[in-house]
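Any value given below was found using the heavy atoms of this structure, including those in side chains, with hydrogens, waters and symmetry copies removed.
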Amino acid sequence: MQSFIVRYLPYIIAGLAITVIMVGAYVSVGPIQSAAPKAGWGTDPVTIMFAATAGQGSVIDSFTCAPSTTNVLLVAHASTGNIALTVTPSSFTSCSSTPDTVTLTATCLVPAAQCVGTYQGLVQIRNPANYYGNIPANLKVTIVVT
């Protein structure tokens with residue numbers, strides 16, 4: 001039995017060392033990640049419906065952040081080149097538990113007959129100064145053009 005332990009002792013020590021390093025890394029970074037802001041949308045997902053002959057449609061939504069953060073940008077993407085999805089306003093000096101209201105607008109970029117269909121979109125909240133990326137959660141947008 002002793003030869004078994006002696007034989008595998010280097011592997012046991014290496015495994016323990018890796019475990020201690022992983023736990024230490026989590027303890028040092030875990031609280032920072034949990035303090036990063038998260039967003040909540042008033043309505044998620046949201047649907048924009050309009051007639052192709054109208055050329056565009058809009059809907060109003062709102063979002064909050066917890067904990068509060070500053071200098072947020074909103075970026076909208078549509079799944080196709082047939083539709084443009086925009087968000088107004090597209091920037092806020094702060095985001096907190098008080099809802100910030102935005103207008104989402106989908107606009108046909110092609111003739112009405114070619115615009116008819118159902119498309120997907122996404123609105124992302126970004127905080128480039130503090131987190132170099134998106135603040136979860138993204139807003140899913142369904143665009144229905146009849």
Side-chain angles (χ1 to χ4, degrees), residues 7-146:
R7 182 176 178 190
Y8 292 104
L9 187 60
Y11 300 107
I12 294 170
I13 291 172
L16 288 173
I18 291 170
T19 302
V20 168
I21 291 168
M22 297 285 288
V23 169
Y26 176 77
V27 168
S28 66
V29 175
I32 293 170
Q33 293 294 341
S34 65
K38 292 179 177 42
W41 289 93
T43 303
D44 185 11
V46 68
T47 301
I48 302 173
M49 294 181 70
F50 64 96
T53 55
Q56 72 176 23
S58 298
V59 68
I60 295 174
D61 202 356
S62 62
F63 68 98
T64 58
C65 296
S68 298
T69 189
T70 58
N71 300 321
V72 294
L73 304 172
L74 280 75
V75 179
H77 305 278
S79 63
T80 179
N82 290 356
I83 297 284
L85 179 63
T86 58
V87 58
T88 308
S90 61
S91 65
F92 291 86
T93 56
S94 65
C95 179
S96 65
S97 60
T98 302
D100 290 311
T101 302
V102 295
T103 301
L104 304 166
T105 303
T107 306
C108 287
L109 299 177
V110 294
Q114 296 173 356
C115 194
V116 174
T118 300
Y119 308 97
Q120 300 302 313
L122 186 71
V123 178
Q124 300 169 313
I125 303 172
R126 295 187 177 166
N127 185 302
N130 296 327
Y131 299 97
Y132 301 102
N134 298 335
I135 298 175
N138 297 327
L139 173 64
K140 294 175 183 76
V141 181
T142 300
I143 303 161
V144 179
V145 185
T146 57

Run the side chain to side chain donor-acceptor pair (under 3.5 Å) test against Ser79 and tell me which residues pass, sequence neighbours left out.
none
Exercise: identify the closest heavy-atom pair between Pro89 and Thr101:
CD-O, 3.9 Å
Determine whether Thr47 and Val59 make a side-chain contact, defined as any pair of heavy atoms from C-beta on separated by less than 4.5 Å.
no
Taking all atoms of both residues into account, what is the closest heavy-atom pair of Ile135 and Pro37, and its distance?
CG2-O, 3.2 Å
Donor-acceptor pair, Asp44 side chain versus Leu139 backbone, under 3.5 Å?
no
For Cys115, does its backbone N or O pair with a side-chain atom of Tyr119 as donor and acceptor, under 3.5 Å?
yes
Any side-chain heavy atom of Val145 sitting closer than 4.5 Å to one from Cys108?
yes
Evaluate the ring planes of Phe63 and Phe92, with Trp represented by its six-membered ring, and classify them as parallel (under 30°), tilted (30 to 60°) or perpendicular (over 60°).
perpendicular
What residues form a ring pair (Phe, Tyr, Trp, His ring centres under 6.0 Å) with Phe50, not counting sequence neighbours?
none
In the structure I gave you, are the side-chain heavy atoms of Ser62 and Val102 within less than 4.5 Å of one another anywhere?
no
May I ask you to test the Val46-Trp41 pair for a side-chain heavy-atom distance under 4.5 Å?
no
Got Thr103 and Ile60 here, is their nearest side-chain heavy-atom distance under 4.5 Å?
yes
Minimal non-hydrogen separation, Thr98 against Thr64, with atom names:
C-CG2, 4.0 Å
Output the distance between atom CD1 (Ile48) and atom OG1 (Thr142), rounded to the nearest 0.5 Å.
9.0 Å
Taking side chain to side chain donor-acceptor pair (under 3.5 Å) as the test, write out the residues that go with Gln56, two or more places apart.
Thr107
Looking at Leu122 and Leu85, what are the two nearest heavy atoms and their distance?
N-CD2, 3.9 Å
What are the two closest heavy atoms between Thr43 and Asp61, and how far apart are they?
O-OD2, 2.7 Å
